[in-house]
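Quick caveat, the model's predicted, so the values are computed rather than measured.
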Amino acid sequence: MKIICIGRNYTEHIKELNSETPEAPIIFLKPDTAILLKKQPFFIPDFSNNVHHEIEVLVRINKIGKHIQPQFAHKYYDEVSVGIDFTARDVQDDLRAKGLPWECSKAFDGSAVIGKWISKDQIEDIDNLDFTLKKNEEIVQKGNTGDMLHSIDTLIAYISKYFTLKIGDIIFTGTPSGVGAVKANDKLSGFLKDEELFNIKVK
């Protein structure tokens, strides 16, 4: 399986990072070793002094697809969750300044939190879906999939132009504004609507 991530998919997040709005989705990958194991804490890596939380809506691919048309993209996933794309912001800023790829800041071990999966059938409208991240019981990020620059179905179609999607592949669809640093002893919990789908500690 592969983890496919989308960058700069929410306007307000683009603004908070002083980045340019892309014409097409920005894609980067995480290896399976990036997945934070269940019931394990997130350990801040020793190569960064500024790791940020980025909550995102996730979808899991349920059948093989290539060159998927947008109108058929909804048939290629039936489960949704939320997760965190942990980002070593200081490392990323340095790499971006040098025009280098982001992977060392985005794809390190434990950088991908994946919450409990729920059936898409439980969701009334995938393009109007609220999600939140709480840090130490306080809401720090709040988003709605309706604010995406590129919808989930559009992303699936676009990604499948370049990569064959396989069963079990996971797509991180981008983060809203409100990203911020984590520190040891923080507690992070992610919600889709009002349902908590993950709860982790930072060490």
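Lys134 has no carboxylate O lying under 4.0 Å from a charged side-chain N of Glu196, or vice versa, which leaves the two without a salt bridge. Between Asp78 and Lys120, no side-chain nitrogen of the basic residue sits less than 4.0 Å from a carboxylate oxygen of the acidic one, so the salt-bridge criterion is not met. In summary, Lys98 and Asp94 engage in a salt bridge, as defined by a charged side-chain N under 4.0 Å from a carboxylate O. In this structure, Lys142 does not pair ionically with Glu12, as no charged nitrogen and carboxylate oxygen lie closer than 4.0 Å.
When atom types are taken as modelled, the side chain of Ser160 and the backbone of Gly65 share no donor-acceptor pair closer than 3.5 angstrom. Asn9 contributes a side-chain N or O that, together with a main-chain N or O of His150, makes up a donor-acceptor pair within less than 3.5 Å.
Within a 6.0 Å radius of CG in Asn49, other residues, nucleotides and ligands contribute 12 heavy atoms or fewer. Around NZ of Lys66, the count of heavy atoms belonging to other residues, nucleotides or ligands within 6.0 Å exceeds 12. More than 12 non-hydrogen atoms from other residues, nucleotides or ligands lie less than 6.0 angstrom from CD of Gln71. Residue-environment remark: CG (Asp125) exceeds the threshold of 12 foreign heavy atoms within 6.0 Å.
When hydrophobic clusters are built by joining Ile, Leu, Val, Met, Phe, Trp and Tyr residues whose side-chain heavy atoms come closer than 4.5 Å, directly or via intermediates, Leu197 is grouped together with Ile123.
Using a 30° and 60° split on the angle between ring planes, Phe108 and Phe47 fall in the perpendicular class, above 60°.
A distance of 4.0 Å separates CZ of Phe86 from CD1 of Ile200, quoted to the nearest 0.5 Å.
Annotation: side chain of Asn136 is in contact with side chain of Asp186 (closest heavy-atom distance under 4.5 Å). Contact annotation: the side chain of Thr11 never approaches that of Thr21 to less than 4.5 Å [non-hydrogen atoms, C-beta and beyond]. Between Phe43 and Lys203, the closest side-chain pair of non-hydrogen atoms falls below 4.5 Å.
Each of Lys30, His53, His52 was checked for a side chain to side chain donor-acceptor pair (under 3.5 Å) with Asp85, and the lone residue meeting it is Lys30.
At a cut-off of 3.5 Å, with distance as the only test, a side-chain donor of Lys106 or Thr87 sits close to an acceptor on the other residue.
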